[in-house]
Amino acid sequence: MSEKSEKPKKPQKLRARLPRGLGDRGPADIAATRRMTDTIREVYERYGFEPVETPTMEFTDALGKFLPDQDRPNEGVFSFQDDDEQWISLRYDLTAPLARYVAEHWDALPKPYRSYRAGYVYRNEKPGPGRFRQFMQFDADTVGSGSPAADAEMCMMAADAMEALGIPRGSYVVRVNNRKVLDGVMESIGLGGDENAGRRLTVLRAIDKMDKFPVDEIAKLLGPGRWDGGEEGKGDFTKGAGLSDHQASVILGFLKTSIGTAEIRSRGGFGNFAFSGDLLELLSTSVTGTEGVKELIEIANLTSASGYQDGRILIDPSIVRGLEYYTGPVYEVELTLEAKDEKGRPVRFGSVGGGGRYDGLVSRFRGEPVPATGFSIGVSRLQAALELIHKDKPKPVIYGPVVVTVFDRDRVADYQKMVGSLRNAGIRAELYLGNPKSMGNQLKYADRRNSPCVIIQGSDEKATGEVMLKDLILGAGLSDLEGDRDAYLQKQAEAQTKIAENDLVSAVRKILDKHGVKWN
RNA sequence: GCAGUUGUAGCUCAGUUGGUUAGAGCGCCUGUUUGUGGAGCAGGAGGUCGGUGGUUCGAGACCACCCAACUGUACCA
């Protein structure tokens with residue numbers, strides 16, 4: 001069949017690759033995540049929250065999701081069918097699973113029940129900057145309290161967490177709104193009732209884009225609709241809410257008079273709560289709207305009383321959040337720092353945290369109303385944002401272990417013993433396990449591991465009961481000194497010293513201390 | 001989903017109006033090196049030119065369709 005002249009077909013190699021929106025994480029990322037979660041945990045616990053974890057998968061209906069479409073079972077969420085044909089999905093947030101947990105363990109839990117958890121959640125959607133298909137959230141919830149004090153606490157805790165993470169005051173803002181106010185405004189322009197549910201949704205979507213588009217684009221979305229190609233007839237058409245000019249102007253007036261971060265700031269935090277006479281009058285026709293305003297004022301008073309009225313927490317009527325389950329106050333944390341990508345273009349990160357009141361979520365499982373409110377930090381997105389913001393700053397060096405080299409392969413046991421004594425002293429150490437044919441290779445390995453120092457014991461040292469201790473961090477500066485022979489030699493001598501074998505641990509520790517090497 | 005832009009080595013990119021065996025830098029591996037890493041020198045591996053089909057004597061380049069990535073937009077619990 002095959003002729004000699006034919007090229008031998010290479011076996012097709014399996015391509016090592018990862019689906020989009022997923023990423024591997026190295027030691028530096030992992031260390032950064034750990035620092036972040038430790039910090040957030042400390043804040044949440046200070047607020048009296050206790051940990052609870054739930055699995056990454058739930059029955060699909062428990063997540064509050066309609067059963068997957070037969071044709072596209074993975075639209076939005078990752079789902080599959082169990083042996084018994086029941087649909088199971090990967091969780092897409094930590095709130096819905098918590099609601100299930102609370103409902104399932106209702107009798108055993110103290111009420112109000114406050115708990116926190118960190119974990120990966122999954123969304124099957126288009127990834128972007130700071131947007132992944134697997135990402136970590138750090139969530140806290142208070143179940144069983146309908147008091148605005150519970151909401152106020154979430155906002156203050158969000159602010160505290162940002163500051164604990166080293167984000168300076170003024171570089172982030174917690175925005176608060178109340179869905180009841182939005183509902184009230186819509187009711188006042190005749191959008192109440194079941195028959196207008198679809199239009200209300202469209203209006204909310206339009207309002208939610210206030211941070212993305214200028215006001216006249218929002219007006220289009222409230223009215224007939226908008227072309228995303230920049231001009232009439234270009235790109236995709238987004239159907240609008242079809243409001244009359246009057247209706248649209250009420251909405252826009254509501255948004256415009258009370259927001260604008262700069263304006264809010266200049267008026268000093270909650271002082272902005274212009275909730276002008278006009279607005280109050282407008283809302284007075286709506287029971288829901290009046291209630292919403294009352295709750296917002298309550299939150300404003302509570303947070304101000306605790307000293308958060310300095311711009312850390314602001315009221316912003318354009319905050320909408322999820323359309324599915326929020327029922328009252330909603331909050332969002334945004335970084336106000338500018339982030340730029342490699343090409344120097346500004347990057348939108350969106351919010352790095354958010355939450356709100358979801359009074360209907362637990363009661364789905366129980367016959368009685370159960371108020372609840374919660375807040376989640378998007379750890380992965382926040383980390384990605386901070387990385388981009390700080391990309392010019394040098395990354396902290398992550399040091400590897402002390403490497404004990406193998407000089408004489410008959411004496412591996414001796415070297416292993418040295419490793420053991422270092423480990424017993426709490427120092428990270430390892431024996432070189434590769435082919436010990438040359439010292440060069442072993443040093444190259446230690447270099448790659450970012451080891452602070454290596455231990456060498458050849459026959460000369462063995463004879464005198466000594467070991468050679470080589471300081472790789474100091475030695476790293478050697479190549480810069482080429483041309484200056486004296487300095488070079490001096491530094492080299494400094495970087496490599498002979499010490500008594502018995503002093504191994506203390507000498508290594510001295511080097512670690514000198515360079516400030518800490519592994520945790 | 002829709003629209004635009006882009007697909008050549010692990011990475012960043014060259015590749016003349018279509019013309020022999022597709023290149024560079026960085027990275028990687030080996031040697032120099034049976035007592036010393038980051039430098040130097042020498043060598044090596046690595047490519048279905050995103051895929052398929054077409055035009056042509058001849059395609060990495062031209063045409064069609066498909067796929068993927070990026071950006072915007074839609075959806076987003």
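First the proteins, then the strands, lettered A, B, ... as listed; each starts at 1. Keep in mind the model is a prediction, meaning the values are calculated, not measured.
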So if I take every side-chain heavy atom of [X] and compare against [options], which nucleotide ends up nearest?
X	options	result
Asp447(A)	G38(B), A74(B), A77(B)	G38(B)
Asp93(A)	A77(B), A74(B), G37(B)	A77(B)
Arg448(A)	C28(B), G38(B), A77(B)	C28(B)
Leu472(A)	A74(B), G37(B), A77(B)	G37(B)

Could you tell me whether Phe138(A) and Tyr116(A) have their ring centroids closer than 6.0 angstrom? yes
*Do the two ring centres, one from Tyr445(A) and one from Tyr432(A), sit under 6.0 Å apart?*
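Yes, the ring of Tyr445(A) comes within the 6.0 Å limit of the ring of Tyr432(A), centre to centre.
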query = Using a cut-off of 4.0 Å on non-hydrogen atoms, how would the nucleic acid contact of Lys239(A) be classed: base, sugar-phosphate, or nothing?
reply = nothing
*asked:* Counting the atoms with a prime plus P, OP1 and OP2 as sugar-phosphate, which does Arg123(A) contact under 4.0 Å by heavy atoms, base, sugar-phosphate, or nothing?
replied: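 Result for Arg123(A) = base.
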key: Distance-only donor-acceptor test, Arg131(A) side-chain atoms vs C76(B) base atoms, 3.5 Å   =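 Pair found.
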Is it the case that the base of G72(B) and the side chain of Lys126(A) share a donor-acceptor contact (distance under 3.5 Å, atom types as modelled)? yes
The residue, Tyr122(A) or Pro127(A), whose nearest nucleotide of RNA chain B is more 5′ is Pro127(A)
Using whole Å, report how far [atom1] of [X] lies from [atom2] of [N].
X	N	atom1	atom2	value
Lys209(A)	A74(B)	NZ	C1'	8 Å
Phe237(A)	C75(B)	CZ	P	13 Å
Asp471(A)	U36(B)	CG	P	19 Å
Arg20(A)	C67(B)	CZ	P	12 Å
Tyr432(A)	G37(B)	OH	P	13 Å

Aromatic ring pairing Phe78(A)/Tyr122(A), orientation class (parallel under 30°, perpendicular over 60°, tilted between):
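The arrangement is perpendicular - the two ring planes meet at more than 60°.
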Please measure how far the [atom1] atom in [N] lies from the corresponding atom in [M], and state the result in whole Å.
N	M	atom1	value
G25(B)	G7(B)	P	22 Å
A3(B)	C75(B)	C1'	16 Å
C49(B)	C11(B)	P	16 Å

Partner lookup for [N], please. Criteria are Watson-Crick or G-U wobble with both distances under 3.5 angstrom; report none if nothing qualifies.
N	value
A22(B)	none
U17(B)	none
C29(B)	G43(B)
A68(B)	U6(B)

Report task. Considering only NZ, NE, NH1 and NH2 on the basic side and carboxylate oxygens on the acidic side, decide whether Arg179(A) and Glu295(A) come within less than 4.0 Å. Result -> no
Quick one: which protein N/O atoms are closer than 3.5 Å to N/O atoms of nucleotides 31-35 of chain B? Pair and distance per line, please.
from, atom 1, to, atom 2, distance (Å)
G31(B), OP1, Lys437(A), NZ, 3.0
G35(B), O6, Asp460(A), N, 3.2
G35(B), O6, Asp460(A), OD1, 3.2
G35(B), O6, Asp460(A), OD2, 2.8
G35(B), N1, Glu461(A), OE1, 3.0
G35(B), N1, Glu461(A), OE2, 3.0
G35(B), N2, Glu461(A), OE2, 2.7

Point to revise | Distance under 6.0 Å and angle within 45° of ring axis: Arg226(A) vs Phe213(A) | key: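 Satisfied, under 6.0 Å and within 45°.
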Hey, are Gln496(A) and Lys470(A) close enough side-chain-wise for a donor-acceptor pair under 3.5 Å?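 Yes, side-chain donor-acceptor contact under 3.5 Å.
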Ignoring hydrogens and angles, state whether a donor on the side chain of Tyr325(A) or Asp93(A) is under 3.5 Å from an acceptor on the partner side chain.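 Yes.
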